[in-house]
**Q** 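Below are the structure tokens for one structure; questions will follow.
The chains referred to below are lettered A, B, ... by the order of the sequence lines, with proteins before strands, and numbering in each begins at 1.
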Amino acid sequence: MNLMSFFQRRTSAPVARERLQILLAHERGVGGGKSDLVAVLREEILAVVRRHVSIERDGVQIKMNRGSDMSTLEIEVEIPAPAPASAGA
Amino acid sequence: MAKVLVVTSGKGGVGKTTSTAALGAALAHGGEKVVVIDFDVGLRNLDLVMGAERRVVFDLINVVQGDAKLNQALIRDKRIENLSLLPASQTRDKDALTEEGVARVLGELREKFDWIVCDSPAGIERGATLAMRHADVAVVVTNPEVSSVRDSDRIIGLLDSKTEKAENGERVEKHLLLTRYDPVRAERGEMLKVDDVLEILSIPLIGIIPESEEVLRASNVGSPVTLNNPGSAPSKAYFDAVRRLKGETVEMTVPTDRKGLFGKLFGRRAA
């Protein structure tokens, strides 16, 4: 390892944390038997967006970060490039 | 009143058996009457970790099926007299465990002991669900690693739905035991931190067991780490966890085996 790569080293734990949060939000909704806010939101947002734009199921990513002071809800909707002459998003 | 505690995790190899032995011995060390039960039929190991592998005559399945009396199968620990082991069968099929049979054996054990610590097998199959079925308290053993956290999440879901308590509208008291934790790597961002795991699993923390050579050293010689080296970092963490299990408030720390320069140079001690 040279000196530059030492300083530029990216940490992997935040990646692990984020992957788990996304995966478990999904899995808890599927078979966990728990009513999960994130899973419900995901389905409803998907339905609303699909009324206007055709998107993939995986196109909606929802993350919820619960903090002691503040919680945030991050919604990312991936919209494919519009087909020529179709209505805009 | 007797408490049934299940040590579970979903994933294998995270430290269920080590933790069952360590917690059981620490509870017994504090004067409680304790039995540790191996539910891993066909792949028993609690006997080996406890150093009782050559004393097994009858096992849990013999008792469940009525081929042996409970007292014939219980193995009393040679180091602590109020600690006993009920081993699993190594030869039988796991289907030999019936729900009624397990309930009956646990009922008998409740008469004799203060704590009944059930070492769950990995997975979510019959052995694991039977081990948690009658639990009052669950210790979910988790490593700070993605697959372990995912499987723990699944097990928490089962504790909330498939246990006797859950079906009666009550709750199994759930606790997270984070094992193999390396505070230095976590600080460097190379390992999930305690808070990351807590936030994801959202169950209360009962203890943080640091990664330590002492754990292997203890299993090598067939002794719960809390008996083999009570002053070591993992043992301190297990003793603290036991105090919390009994309702005490103990400040949460990650004990470390600090080595001075001398220890670093000459610290390679044989078990």
Side-chain angles (χ1 to χ4, degrees), chain A residues 1-47 56-78, chain B residues 9-11 14 123-125 129 132 140 142-163 165-167 169 171-172 174 176 178 180-205 208 211 254:
Chain A
M1 191 197 303
N2 65 31
L3 199 62
M4 281 310 283
S5 73
F6 178 80
F7 285 114
Q8 287 173 351
R9 183 170 55 180
R10 284 190 310 172
T11 56
S12 56
V15 182
R17 178 191 141 104
E18 194 171 318
R19 288 176 61 218
L20 274 169
Q21 280 173 329
I22 293 170
L23 175 74
L24 294 181
H26 182 68
E27 285 188 346
R28 283 170 188 161
V30 173
K34 295 183 200 171
S35 69
D36 189 272
L37 178 62
V38 172
V40 173
L41 279 173
R42 189 171 176 279
E43 288 309 309
E44 294 192 5
I45 290 166
L46 190 64
E56 295 290 319
R57 249 198 108 66
D58 299 340
V60 178
Q61 295 291 349
I62 296 188
K63 269 186 280 179
M64 185 177 267
N65 281 306
R66 288 199 176 89
S68 49
D69 300 332
M70 191 180 69
S71 299
T72 60
L73 182 69
E74 196 179 317
I75 303 170
E76 190 181 322
V77 183
E78 198 177 300
Chain B
S9 71
K11 190 177 184 308
V14 296
I124 51 172
E125 302 296 322
T129 51
M132 71 168 67
V140 180
T142 307
N143 291 167
E145 180 270 326
V146 287
S147 57
S148 175
V149 175
R150 180 197 213 174
D151 292 1
S152 291
D153 189 75
R154 187 76 192 277
I155 283 290
I156 291 167
L158 293 179
L159 287 166
D160 287 338
S161 59
K162 304 282 185 194
T163 52
K165 284 223 150 167
E167 287 172 7
R171 292 187 88 86
V172 174
K174 302 180 295 281
L176 178 73
L178 196 59
R180 308 200 69 166
Y181 190 70
D182 184 337
V184 176
R185 295 198 74 190
E187 204 42 56
R188 276 195 222 136
E190 297 172 6
M191 180 183 271
L192 288 168
K193 287 186 180 175
V194 177
D195 287 345
D196 294 335
V197 181
L198 282 178
E199 190 192 324
I200 293 167
L201 295 178
S202 40
I203 60 170
L205 185 64
I208 307 163
E211 173 81 66
V254 189

**Q** Rounded to the nearest 0.5 Å, how far apart are NZ of B:K193 and CZ of A:R17?
**A** 10.0 Å
**Q** For atom CZ of A:R42, is the number of surrounding heavy atoms from other residues, nucleotides or ligands below 6.0 Å larger than 12?
**A**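 Check passes, neighbour count above 12.
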**Q** Not counting sequence neighbours, which residues clear side chain to side chain contact (heavy atoms under 4.5 Å, CB included) with A:L73? List them please.
**A**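 Side chain to side chain contact (heavy atoms under 4.5 Å, CB included) check on A:L73 returns A:L41, A:I62, A:M64, A:I75.
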**Q** Can you confirm whether more than 12 heavy atoms, excluding those of B:E187, are under 6.0 Å from its CD atom?
**A** no
**Q** Chain A: which of B:P144, B:G189, B:A186 shares the most heavy-atom pairs with it under 4.5 Å?
**A**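 The option with the most such pairs is B:G189.
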**Q** Measuring only between side-chain heavy atoms, which start at C-beta, is B:R154 closer than 4.5 Å to A:E27?
**A** no
**Q** Which heavy-atom pair separates B:V146 from A:A16 by the least distance, and what is that distance?
**A**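 That closest heavy-atom pairing would be CG1-CB, 3.6 Å.
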**Q** Side chain to side chain contact (heavy atoms under 4.5 Å, CB included) with A:P14: which residues, sequence neighbours excluded?
**A**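 In terms of side chain to side chain contact (heavy atoms under 4.5 Å, CB included), with neighbours along the sequence ignored, A:P14 is linked to A:T11.
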**Q** Give, for atom CG of B:D196 and atom CD of A:E18, the distance between the pair rounded to the nearest 0.5 Å.
**A** 11.5 Å
**Q** What's the spacing between B:D153 CG and A:L20 CG if we round to 0.5 Å?
**A**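 Rounded to the nearest 0.5 Å, the CG-CG separation comes out at 9.0 Å.
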**Q** Looking at B:E167, I want to see if its CD is surrounded by more than 12 non-hydrogen atoms of other residues, nucleotides or ligands under 6.0 Å.
**A**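 Above 12, so yes.
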